[in-house]
Structure formats: structure tokens, C-alpha cells
Amino acid sequence: MVSQVTCLADGLEFGHKLQANSVCPLHSSSKEEGALHATTFLVNNRVRAGSNSTKSQKPFFQTLKSLTRSGKLEEAVQLIESLPPNLRNTETYSIVLHACISHKSLEHGRRLYLELLAKDQHSQRLLKEATLKSKLITLFSVCGYLEEARSIFENTFNSETVHESVWVAMAIAYSRNGCLKEALLLYTDMLWHHVKPGNFAFSLALKACADLNEIDIGRGVHAQVIKSYEEPDQVVNNALLALYAECGCFNEVLQLFGKLPKRNVVSWNSLIASLIKQNQVFEALNLFRRMQREKMGFSWVTLTSILAVCARLTALHFGKEIHAQIVKSCIRADILLLNSLMDMYVKCGVVDCGRMLFNRMRNKDLTTWNTMLTGYAINGCMDEAMGLFNEMVSSGTRPDDVTFVALLSGCSHGGLTETGQAYFRKMEMDFGISPTLEHYACLVDILGRAGKLEEALEVVRNMPMKPGGSIWGSLLNSCRLHGEVSLGEVIAKRLFEIEPNNAGNYVILSNIYAKAGMWDSVNMVREMMQRRGIKKEVGCSWVKVKNKVETFVAGGGTEFRKSVQYKKMWFELAEAMETHGYVPDTSVVLHDIDEAMKSIWVCGHSERLATMYALINSGAGMPIRIAKNLRVCADCHSWIKVVSQVTGRTVVLRDTTRFHHFKDGECSCKDYW
DNA sequence: ATAGGGATAT
């Protein structure tokens, strides 16, 4: 919860100061004076050496605590090293090890460890203790030294009993370093050693199952949770939710969520993430509203998920509300959230806002750069994208494979054939990134769209991996663009074997036939689809006018088209359009009907209906934002171009993969898509 | 000590 986070953060800081002041009331306890404390103590200690009273331990602990708190690890370690054996105990070492863990100081931690190993029997005994062992395991694992962590853990087996906490520390060590299989194996190992798992162990095992997508093992752990002597706590219950969510068991998620005795923000977030995974984005939004109604509040994580929904729905208005929530909360948003916010803006076609956020972000990570680059690429701003890429490189951020997917896809959308090929070479030669299937798909698309189908096929033949549906699909589309009937037939045949249920492939093939006037073949494809029970996805566009989202389906909107306003607007437009030389391109209609019928048919396309609706129902200067579930129809594209010229409106249209910004009779895609 | 979130081709 955002408001609680603020309080918590304030409280922490405040509490910290209080404690620091109470440590050594005689001296002011500023960090700079830590050294003074150490020296004072050393002097005192030498004088008092040999005396064994517990009284003398107290100031020593305080000094040690104040040293570690102010990050003076070197002096803290020196202090321990100078101590007589009787003053070294679990607590002493714990304090300093804890500080080493939070500062990730392998150097000091290892010194303590080696010291313990080398010293007398007393310290050997200390090493066997669960607390110290766990701390040492944690220390080495946060510094990335898993093997050393494991060796400390293994020494455990020589002693008689192993406390659960040591197992847990080792499991966390694996989990932290992404070794999920090892974490899960450790859990089973633990069971073999007759150590009863508690809630900590459960949550770790469940997390490992979730990340490995091991739903069956996960169910087994769930059974153990139920049988356990300990009641599952919130963390275990949330880990169970996350497990079922991650493995796509949506019913279990709902059931479990309903039965939980208590839910916190994390539980709700998991449910939201699960809904998004199920593509139930509107339900996710409703759930977010319900969270607020039930005074659950939200966290940065919630907002990140919701922003992703806004980006997907081009729900700019709602996304802006989330932005306002972030500003209102008064705490600096974390980098993940800001990246999502930026992503929302660029995915809603508002590149400038995205760039403003980008400029104002103090810490940028790789995703920040990649998100902005993707934003430019899908909005057809390739000059800006290339400029940003240069900035990225000179700022010292190493581009990765995602960076190049963004650049290459941008080049393919923008028809920048040579530039795209150059980036493809550059990627491997200058940056040592070997191309993945996605990169090859982009390259094939770049070449195919430019009409270089032979070269594209050559790439497919020579690439090291097996081409999938995406690559053949892109080639098929290139055949459509360049009227390659026979090659298209060969590719389509292969595609029907790989993905027999993808309606898009059948549609493109019939497009190819229709363009060539081969109506028999068009009918043949249609019959094939009917025989196989494949339904073409219905074209659907949505547009927001006056805070309400209006949806249009191709061929629908009959009432709207009968209305007086529609007819009036249509009449006004038609005249102006004709003077601007708009002629309907009817080749996009896949039915063998006469020209007059075809031009009526294209008027029923969903993007056209949405544009008409917005023209009628929104203020004259307002930009029109439309989203569509399929690729824009070629005729609608040229129609909207002229509309933007005639009416002086900006139309921003997002189709499946990218944006078209129509302004003054031109489109940002330069008619290349 | 343990649970939830962001960028990717057609």
C-alpha cells in the first residue's frame, strides 16, 4: 500500500536515528566518529583485558553495533580480531556478519570466516551453530559465491542435527542466484533427512515450482502444506496463489483466493497478474477498482500490472489516472514502475510524453532504453530511434538482443532495408550478440517487404535454427504485397501444416488470389476454412469519445450508418475527398462482387466506422485515437489519409503491431506496412 | 531469511 509504504519508510528512518543516538549517549554518534569509538574501545579493552565480567561486554557491543551501522566494516572486523576468545560469541559475529551481508562485503566476511576456521576449538564450535552457519551461507550467496556457500552447508553434515534454518538459508541462496532446480532438490533432500519443513521452506519450494512450471511437484508441496503441523501463513498462501497463477491453473487461483482467511496486497496482485495472463484484461481493471473499494490500497506492483493493461488496450485516459496516482503518492516511483508508465504512453501513441519521462528518469536501466526504442519503432519515428540508439551506446549502456529486435522491427516497418541489414550485421560484429529467431524473422521481413524474396529465402535456408510459423507467415505476407502467387502457394501449404488453425494464413492466401483475380481459388480457400472449422477473426476497432469507449465490428454499426449525422458527414466528406483525388481501392474485398458493391463493403470496415463516429462526436480540433485488432485495410488507410487532410484532424490508429499517425494527408508509416 | 511487477518478431 502506497500510503503505508510512506509511513513505513519514514518510520524506519526515524527509528534508525533514535537507535543510533541511544547507542552511545556520551559521544555524538555521527558516522565520522565511528573510528574514534573503535580506538577508544581498543584502549579500554587492553587496559581491562583479562577481566571477565559481563559488564565489560556491554559497551563493546554498543561500539560494534555503531560501527557496523555506519558501515565501518574494516574497523568492526579489526575490533573482533583484537578480542580475547571469551568475548567472541555468536552474537558478536552475528552483528558483523549481518553488516557484511547488507554491504555485500565478501572481503570482510571471508576474513571473519577464515579466522573462525583457523582459531581454537571454541570458534570451531561457534561455526557449528545454526545462526552463524546460516549467516555465512547468506553472505557468500549474496556475493554470488554459491560453491563456497554450499561447502559451508555441507560441513553441517558432520554434526549430528541440522537445524531447519540452515536448510532454508541454503535454499534461499540457490533461489537468489536463479538455481531453482537445486533449490527444489535441496527441499527433497531435506525431507530425506527427516527435517520437517516449516513455512519458510514451503514458500521457497513453491516459488521454485512456480518458476520451473512444475505444477505436479507444486501440488505435492501443497499437500504437505495442508498436512503440516504449522498453519500456512500469508507468505505460503501467496506463494500457492503465485504457483497456480504461473502454471495457468486459473480455477485453482480463484478457488484458493476465495478461501484464504486473510489477503494482502500481494494476494490481490497475484490474482490480477493471473487474470492478465488469461487475457481477461477488463476483469483485471475491475479487480483493481474493487481493491480500492474494499480499502485494500495498492502497491507499485499493482500499478505496474495495471499500466500494462492500459498499454494493451490503448487506454490512455486510464493510464493517465494511474500516472496521477503515482504523482499524488509523493514517493519516488521505482524504475520498474516508471518503465511501465513510459511503455503505456508510447503504446498509446503519445511518444512525446514517453520521451519526457525518459529524459526525467535519473536512473535508467537497459529496459528503459529498450522501451523508448520500441516506442519510437512502433510509432514510425526511426530517425529518433537511431539517434537514441547512438545516445545509448555513447552513454555506456550495452545494447542487448531486445534492443536489436526493436531496431530491426522498426526498420522493417519503415522500409529501411539497407539500414536494417546494416544493424543486423552490426549486432553480431560490433556487439557480439548472436541473432535469435526473432532477429531472423525481422531480417526476413525487411527483405521480403522490399520485394527481395529470393534473398529472404536465402536467409531462411542459411539460418542455424528451424524457421517457425512466424517466419513463414512474414514471407507469405511479403508474397501478398508483391503479388507472388506461386511462391505464396508453396509457403501457405507449409504454414497450413505447421499451424493449421491460424486463420490469418488462410486470409492472406485468399488475399493473394483476390489481388490476382483468381476467384475460384479464393472460393477454394474459403471452403477449406469452412471444412476445417476455422473462423476468421472479425475486424474490430474501438475509439474513446467523451470518456466512453465505443466498439465497432466490421459490417456492424447499422443503426449508426442509418443516422442523419452519419449521412450528413458522409456527404460532406465525399465531395471534398473526390477533389483530393480519393478513389476507393476495392482489391481488398475478398468477394467476387461488382465494383459498386465493393466500395460499399469497405465502408463497413470497423476502422472507418470508428473514424466516422469520432469525427461526428468529438470537438473539431481533437485528435482521434483508434485501436484495431487486425492490420489496417489498405483502402481505409488511404481513406483516413485524405480525411486527415480534409478535416485537419490528427488520427492515431494502432493496429496489431504498430501505429499509424495520420496528419495533413500523410501517414507516419510512409505507406509501408 | 520466505510471496507479487516492466521492454521482444508476424
Side-chain angles (χ1 to χ4, degrees), chain A residues 98 101 131 134-135 137-138 141-142 164-166 168-173 175-176 198-207 210 233-243 245-246 264-274 276 299-308 311 334-344 346-347 365-375 377-378 400-410 412-413 436-446 448-449 468-478 495 499 502 504-505 508 631 656-658:
Chain A
H98 189 83
I101 291 168
T131 355
S134 311
K135 284 224 156 45
I137 290 171
T138 310
S141 83
V142 295
E164 193 219 358
S165 65
V166 182
V168 169
M170 193 61 224
I172 294 171
S175 179
R176 192 180 354 244
N199 281 338
F200 280 99
F202 285 140
S203 58
L204 281 158
L206 289 168
K207 158 101 173 130
D233 59 11
Q234 187 73 71
V235 180
V236 170
N237 281 330
N238 288 342
L240 280 166
L241 272 180
L243 165 77
E246 188 60 42
N264 63 7
V265 190
V266 179
S267 335
W268 285 83
N269 288 345
S270 284
L271 186 57
I272 289 181
S274 185
I276 296 174
S299 69
W300 284 158
V301 179
T302 327
L303 297 188
T304 308
S305 307
I306 294 300
L307 280 172
D334 69 4
I335 197 160
L336 263 81
L337 181 59
L338 288 175
N339 286 344
S340 309
L341 188 62
M342 213 170 76
D343 186 55
M344 184 278 294
V346 298
K347 290 259 170 71
D365 66 3
L366 187 55
T367 303
T368 315
W369 291 94
N370 286 345
T371 305
M372 196 61 228
L373 277 172
T374 309
I378 57 173
D400 71 346
D401 52 330
V402 179
T403 317
F404 282 96
V405 171
L407 286 171
L408 291 170
S409 68
S412 113
H413 289 153
T436 64
L437 193 62
E438 281 81 16
H439 298 114
Y440 278 110
C442 291
L443 183 63
V444 167
D445 201 57
I446 287 172
R449 278 178 203 246
S470 61
I471 295 225
W472 293 120
S474 138
L475 279 169
L476 185 65
N477 191 41
S478 297
L495 266 171
E499 31 182 53
N502 186 341
N505 297 330
I508 297 179
R631 193 193 295 273
T656 8
T657 48
R658 46 102 41 97

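The shown structure was predicted, so the numbers you read here are calculated from the model rather than taken from an experiment. Below, read A as the first sequence line, B as the second, and so on, with proteins coming before strands; counting in each chain starts at 1.
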To the nearest Å, give me how far apart NE2 (A:H439) and C1' (B:dT10) are. 15 Å
Under 3.5 Å, is there an N or O donor on one side and an acceptor on the other linking the side chain of A:S270 and the base of B:dG4? no
From CG of A:N505 over to C1' of B:dT10, roughly how many Å is that when rounded to an integer? 9 Å
For atom CG of A:L407 and atom P of B:dA7, their distance in whole Å: 18 Å
Any N or O donor-acceptor pair linking the side chain of A:S305 to the base of B:dG4 at under 3.5 Å? no
Name the closest nucleotide to the A:V402 side chain, picking from B:dT8, B:dA3, B:dG4. B:dT8
Would you mind classifying the nucleic acid contact of A:D401 as base, sugar-phosphate or nothing, using non-hydrogen atoms under 4.0 angstrom? nothing
Describe the nucleic acid contact of A:T656 in one word from base, sugar-phosphate, nothing, applying a heavy-atom distance below 4.0 Å. nothing
With side chains defined as the heavy atoms from C-beta onward, is the minimum distance between A:N238 and A:Q234 less than 4.5 Å? yes
Measure the distance from CD on A:E164 to C1' on B:dT2 and round it to the nearest whole Å. 11 Å
Choose from B:dT2, B:dA7, B:dG5 the nucleotide whose nearest atom is closest to any side-chain atom of A:T367. B:dA7
For A:L204 and B:dA3, give me the distance from atom CG to atom P, rounded to whole Å. 6 Å
Ignoring hydrogens and geometry beyond distance, is the side chain of A:S203 in donor-acceptor contact with the base of B:dT2 at under 3.5 Å? yes
What nucleic acid atoms does A:T371 come within less than 4.0 Å of, heavy atoms only: base, sugar-phosphate, or nothing? sugar-phosphate
Picking from B:dA3, B:dG5, B:dA1, the nucleotide nearest the side-chain atoms of A:K207 would be B:dA3
Please pick, from B:dG5, B:dT10, B:dG4, the nucleotide with the shortest atom-to-atom distance to any side-chain atom of A:R631. B:dT10
Any donor-acceptor pair under 3.5 Å between the side chain of A:N264 and the base of B:dA3? yes
Ring of A:F200 versus six-membered ring of B:dA1: centres under 5.5 Å and planes under 30°? yes
Just call it for A:S340: base, sugar-phosphate, or nothing, with non-hydrogen atoms closer than 4.0 Å on any strand. sugar-phosphate
Compare the minimum distances between each of B:dA3, B:dA9, B:dA1 and the side chain of A:E438, then state the nucleotide with the smallest one. B:dA9
What is the nucleic acid contact for A:T138, judged by heavy atoms within less than 4.0 Å: base, sugar-phosphate only, or nothing? nothing
Closest to the A:S412 side chain, choosing from B:dT10, B:dT8, B:dG4: B:dT10
Ignoring hydrogens and geometry beyond distance, is a side-chain donor-acceptor pair present between A:N264 and A:S267 at under 3.5 Å? yes
To the side chain of A:I172, which of B:dA1, B:dG4, B:dT10 is closest? B:dA1
Once you apply a heavy-atom cut-off of 4.0 Å, does A:L476 come out as touching a base, just sugar-phosphate, or nothing? nothing
Any side-chain N or O of A:H413 below 4.0 angstrom from OP1/OP2 of B:dT10? yes
Nearest to the A:S165 side chain among B:dA3, B:dA1, B:dT10, which nucleotide is it? B:dA1
Distance in angstrom units between A:D343 CG and B:dT8 C1', rounded: 11 Å
If the cut-off is 4.0 Å, is A:K135 near the phosphate of B:dA1, judged by side-chain N/O to OP1 or OP2? no
Checking A:S270 now: which residues fulfil side-chain hydrogen bond (donor to acceptor under 3.5 Å, both in side chains) with it, not counting sequence neighbours? none
Under the salt bridge (Lys or Arg N to Asp or Glu O under 4.0 Å) test, which residues partner A:E438, sequence neighbours left out? none
Please tell me whether A:N370 and A:T367 have a donor and an acceptor in their side chains that are separated by less than 3.5 angstrom. no
Side chain of A:S470 only, please: which of B:dG4, B:dA9, B:dG5 is the nearest? B:dA9
Nearest 0.5 Å, what's the CG-CD1 distance between A:L495 and A:I508? 8.5 Å
Rounded to whole Å, please give me the gap between CG in A:N269 and C1' in B:dG5. 8 Å
Quick one: A:M372 CE to B:dT8 C1', roughly how many Å, whole number? 16 Å
OP1 or OP2 of B:dT8 sitting under 4.0 Å from any side-chain N/O of A:K347? yes
Under 4.0 angstrom, heavy atoms only, what part of the nucleic acid is A:D365 near: base, sugar-phosphate, or nothing? base
What nucleotide, of B:dG5, B:dG4, B:dT10, holds the atom closest to the side chain of A:D445? B:dT10
Looking only at the side chains, is there a donor atom on one of A:R176 and A:S141 sitting less than 3.5 Å from an acceptor on the other? yes
